[in-house]
Amino acid sequence: MTQSLYEYVQTHGLKYYIETYGCQMNEHDSEKLAGILQAVGYQRAEEMQEADLILFNTCCVRDHAEKKVFGNIGALKPLSLRKKSLIVAVCGCMMQQQDVAEKLMKTFPFVKIVFGTNNMNELPSMLYAALMQKERVLNVRQSSISSSVIEDVPMQRKERPLATVNIMQGCNNFCTYCIVPYVRGREWSRAPEDILAEIRGLAQEGYQEVMLLGQNVNSYGKGTGDVDFAGLLERVATQTGIARIRFMTSHPKDISERLLEQMAKHDNICKQLHLPVQSGSSRILQRMNRGYSREEYLALAHRARQMIPGIALTTDIIVGFPGESQEDYEQTLSLVREVGYDAAFTFVYSPRNGTPAASFPEQIPEEIKQQRIVRLVELQGELTYQSNLAYVGKKERVLIEGVSRRDEQSICGRTDSGKMVNMPGPKEKIGGFVWAEILEAKRTTLLGRMLDD
């Protein structure tokens with residue numbers, strides 16, 4: 001069957017286009033989807049309009065994402081009428097919600113394939129059904145996939161020097177606002193040998209930096225009797241030859257002293273820690289089922305700064321959670337000031353059907369949520385700027401990632417702590433390290449000049 005599909009795709013010169021929404025885990029999944037499509041003969045289209053297969057990889061963390069996906073799919077109706085052979089497919093976390101998947105199929109008859117996060121390895125058979133048998137396919141499996149399936153999935157990675165490596169899947173925390181455990185399933189971890197082999201291969205291919213991904217990387221290895229996350233991080237640092245290692249996302253309740261020790265010990269583990277707090281109020285944290293208090297979080301943040309001088313701390317924060325009083329909100333602001341984050345991803349609470357918080361009483365009016373988010377963003381913007389100012393005059397080792405969006409004559413890359421630096425320089429430097437003197441701080445980035453080697 002696969003051979004027949006390959007011949008059909010090759011004969012017709014079919015092209016694909018993937019539109020990705022959401023987190024880095026979704027971006028990583030899209031690389032796998034691209035690898036599968038190219039393995040069966042598809043070529044990548046530069047523009048959506050020239051594709052024969054348009055695949056939406058969706059996110060369901062916030063209500064806005066769902067509305068955006070439905071709007072963008074609806075906008076394809078005229079193209080589907082002109083291009084009768086067009087295959088529109090939708091996958092990802094949003095499609096793991098059976099009611100949403102069925103609604104999408106009913107709303108848009110031109111959508112031919114819908115599948116969930118646990119079914120991507122079955123994409124060739126779904127394409128065969130849609131292309132060769134003219135069937136519509138709805139394939140959403142609720143049970144968690146096994147790691148053995150993941151190891152067999154080909155990937156079409158983005159260009160060097162950055163790569164993502166999935167180390168685990170799923171989540172067992174069940175925060176009351178979060179849909180992820182319901183759509184990604186329970187936690188399981190990849191074998192450390194498979195992870196190390198993948199990263200060694202990336203280093204040999206010229207990738208300089210890997211981002212280790214998981215819904216909660218600190219839970220890696222739990223229940224397996226095997227290596228834990230701190231142990232895995234040590235092995236990656238010492239046994240793969242990769243120049244830089246980052247990881248996300250970390251759950252504060254699972255950060256160990258040994259993990260901080262490994263970060264402090266190894267030069268190739270970046271001194272940056274994403275530590276989502278979500279709220280500065282212990283009362284709200286309890287309602288969120290986060291598993292730590294305000295005081296415990298602050299103690300962890302201070303311990304990280306003590307053990308790893310110069311570490312950059314970033315976070316996620318939700319405002320307007322059900323029952324959040326003005327006092328709760330003010331506690332969030334005071335925590336943000338005390339920690340002094342380098343950056344923060346800030347969100348207005350959005351109810352997700354199927355989560356406990358969606359039915360909590362005391363839902364916060366939208367106008368109050370908007371007032372709170374504006375004030376929080378202003379505060380964090382000032383803290384980020386102050387953090388950037390501290391880099392002026394310093395010399396930083398920067399991994400050049402590409403051409404600057406500010407100026408086509410400039411290049412850009414990140415410091416060990418994750419700060420983006422723009423500087424004049426030749427494109428030939430992309431993919432390698434340079435030393436840069438930081439000349440000026442902007443609100444979110446740094447400006448520098450490249451130094452002689």
Side-chain angles (χ1 to χ4, degrees), residues 23 25 60-62 93 168-187 213-220 222-223 228-229 247-257 259-260 273-305 313-341 343-364 369 372-373 376 380:
C23 65
M25 187 72 79
C60 64
V61 173
R62 285 173 294 280
C93 294
M168 62 179 298
Q169 180 75 278
C171 184
N172 291 349
N173 289 308
F174 290 92
C175 299
T176 57
Y177 55 82
C178 187
I179 195 71
V180 168
Y182 305 97
V183 297
R184 287 280 183 177
R186 294 301 183 95
E187 289 176 353
L213 294 179
Q215 269 75 35
N216 175 17
V217 291
N218 309 118
S219 290
Y220 175 83
K222 277 189 176 181
D228 64 5
F229 182 58
F247 57 88
M248 69 182 311
T249 290
S250 292
H251 197 300
K253 72 179 179 62
D254 297 317
I255 291 277
S256 67
E257 185 89 354
L259 173 58
L260 297 178
L273 181 59
H274 189 66
L275 202 59
V277 65
Q278 306 302 0
S279 174
S281 162
S282 292
R283 187 180 76 88
I284 295 299
L285 288 171
Q286 186 175 22
R287 285 172 64 87
M288 289 177 167
N289 192 35
R290 290 292 289 170
Y292 54 85
S293 66
R294 170 193 176 93
E295 291 73 24
E296 289 169 332
Y297 182 94
L298 285 171
L300 173 60
H302 294 321
R303 183 63 174 149
R305 290 204 188 281
L313 294 180
T314 58
T315 196
D316 298 338
I317 302 172
I318 297 171
V319 300
F321 187 79
E324 181 188 66
S325 66
Q326 186 63 28
E327 181 182 352
D328 294 320
Y329 172 68
E330 294 293 342
Q331 288 183 35
T332 295
L333 296 182
S334 70
L335 181 141
V336 169
R337 294 189 191 98
E338 183 169 346
V339 175
Y341 294 109
F345 298 97
T346 57
F347 309 98
V348 168
Y349 170 71
S350 173
R352 306 308 296 133
N353 289 334
T355 62
S359 59
F360 281 2
E362 302 176 88
Q363 297 286 330
I364 306 300
K369 292 181 186 179
R372 290 177 179 176
I373 194 71
L376 174 61
Q380 183 55 55

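Everything numeric here is computed off the predicted structure, so don't read it as measured data.
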Checklist line | Under 3.5 Å donor-acceptor, Y292 side chain and V277 backbone | finding: yes
Checklist line | Stepwise side chain to side chain contact (heavy atoms under 4.5 Å, CB included) check, Y349 with Q363 | finding: CA-CA 10 Å; Y349 170 71; Q363 297 286 330; 3.6 Å; yes
Notebook entry, point to check: Hey, what do you get for SG (C171) to CD (Q215), rounding to the nearest 0.5 Å?
Noted result: 6.5 Å
Item checked: Nearest-0.5 Å distance, CG of residue L273 to CG of residue L300 -> 7.0 Å
Margin query: Check whether Q286 reaches the backbone of R283 with its side chain - one donor and one acceptor, N or O, closer than 3.5 Å.
Written below: no
Notebook entry, point to check: Given the rule in the side chain to side chain contact (heavy atoms under 4.5 Å, CB included) test, do L275 and T314 qualify, once you have shown the distances and angles that lead to the verdict?
Noted result: CA-CA 6 Å; L275 202 59; T314 58; over 6 Å; no
Checklist line | Value rounded to 0.5 Å, distance of CD1 in I364 from CZ in F321 | finding: 10.0 Å
Next item on the list: Inspect the surroundings of CZ in F345 and state if more than 12 heavy atoms from other residues, nucleotides or ligands are less than 6.0 Å away.
Entry: no
Check: Salt bridge between R372 and E324, side-chain N to carboxylate O under 4.0 Å?
Finding: yes
Check: Is the shortest distance from a Lys or Arg side-chain nitrogen in K222 or D228 to a carboxylate oxygen in the other one below 4.0 Å?
Finding: no
Item checked: Closest contact, heavy atoms only, V348 versus K369 -> CG1-CD, 3.3 Å
Item checked: Pair S334, R294: side-chain N/O donor-acceptor within cut-off below 3.5 Å -> yes
Next item on the list: May I ask you to check whether over 12 heavy atoms, not counting those of E327, lie within 6.0 Å of atom CD?
Entry: no
Next item on the list: Consider only side-chain N and O atoms of H274 and T249, and report whether a donor and an acceptor are under 3.5 Å apart.
Entry: no
Notebook entry, point to check: Which distance, rounded to the nearest 0.5 Å, do you find between the OG of S282 and the CZ of R287?
Noted result: 14.0 Å
Next item on the list: Please confirm whether the backbone N or O of E187 pairs with a side-chain atom of N172, one donor and one acceptor, at under 3.5 Å?
Entry: yes
Next item on the list: Examine distances only and state if a side-chain atom of T332 and a backbone atom of G280 form a donor-acceptor pair shorter than 3.5 Å.
Entry: yes
Note to self: What verdict does the side chain to side chain contact (heavy atoms under 4.5 Å, CB included) test give for L376 and L333, after you've listed the backbone C-alpha separation in whole Å, the side-chain angles of each residue and the deciding distance to 0.1 Å?
What the structure shows: CA-CA 7 Å; L376 174 61; L333 296 182; 3.9 Å; yes
Next item on the list: Check whether any side-chain heavy atom of T176 lies under 4.5 Å from a side-chain heavy atom of F360, and answer yes or no.
Entry: yes
Check: Can you name the closest pair of heavy atoms from N289 and C175 and give their distance?
Finding: O-SG, 4.2 Å
Item checked: Least distance between heavy atoms, S219 atom then N216 atom -> OG-ND2, 2.7 Å
Checklist line | Any donor-acceptor N/O pair, R305 side chain to V339 backbone, under 3.5 Å | finding: yes
Note to self: Applying side-chain hydrogen bond (donor to acceptor under 3.5 Å, both in side chains) to H302 and E338, what does each step give before you reach the verdict?
What the structure shows: CA-CA 10 Å; H302 294 321; E338 183 169 346; 3.2 Å; yes
Next item on the list: Consider only side-chain N and O atoms of N173 and K253, and report whether a donor and an acceptor are under 3.5 Å apart.
Entry: yes
Checklist line | Over all atoms of both residues, closest heavy-atom pair of P276 and Y297 | finding: O-CE1, 4.1 Å
Item checked: Under 3.5 Å: donor-acceptor pair, side chain of R352, backbone of Y177 -> no
Note to self: Do the side chains of R303 and E257 get close enough for a salt bridge, i.e. N-O under 4.0 angstrom?
What the structure shows: yes
Checklist line | N218 side chain to I255 backbone, donor-acceptor under 3.5 Å | finding: no
Checklist line | Stepwise side chain to side chain contact (heavy atoms under 4.5 Å, CB included) test for S279 and I317 | finding: CA-CA 6 Å; S279 174; I317 302 172; over 6 Å; no
Next item on the list: Give, for atom CG of D254 and atom OG of S250, the distance between the pair rounded to the nearest 0.5 Å.
Entry: 9.0 Å
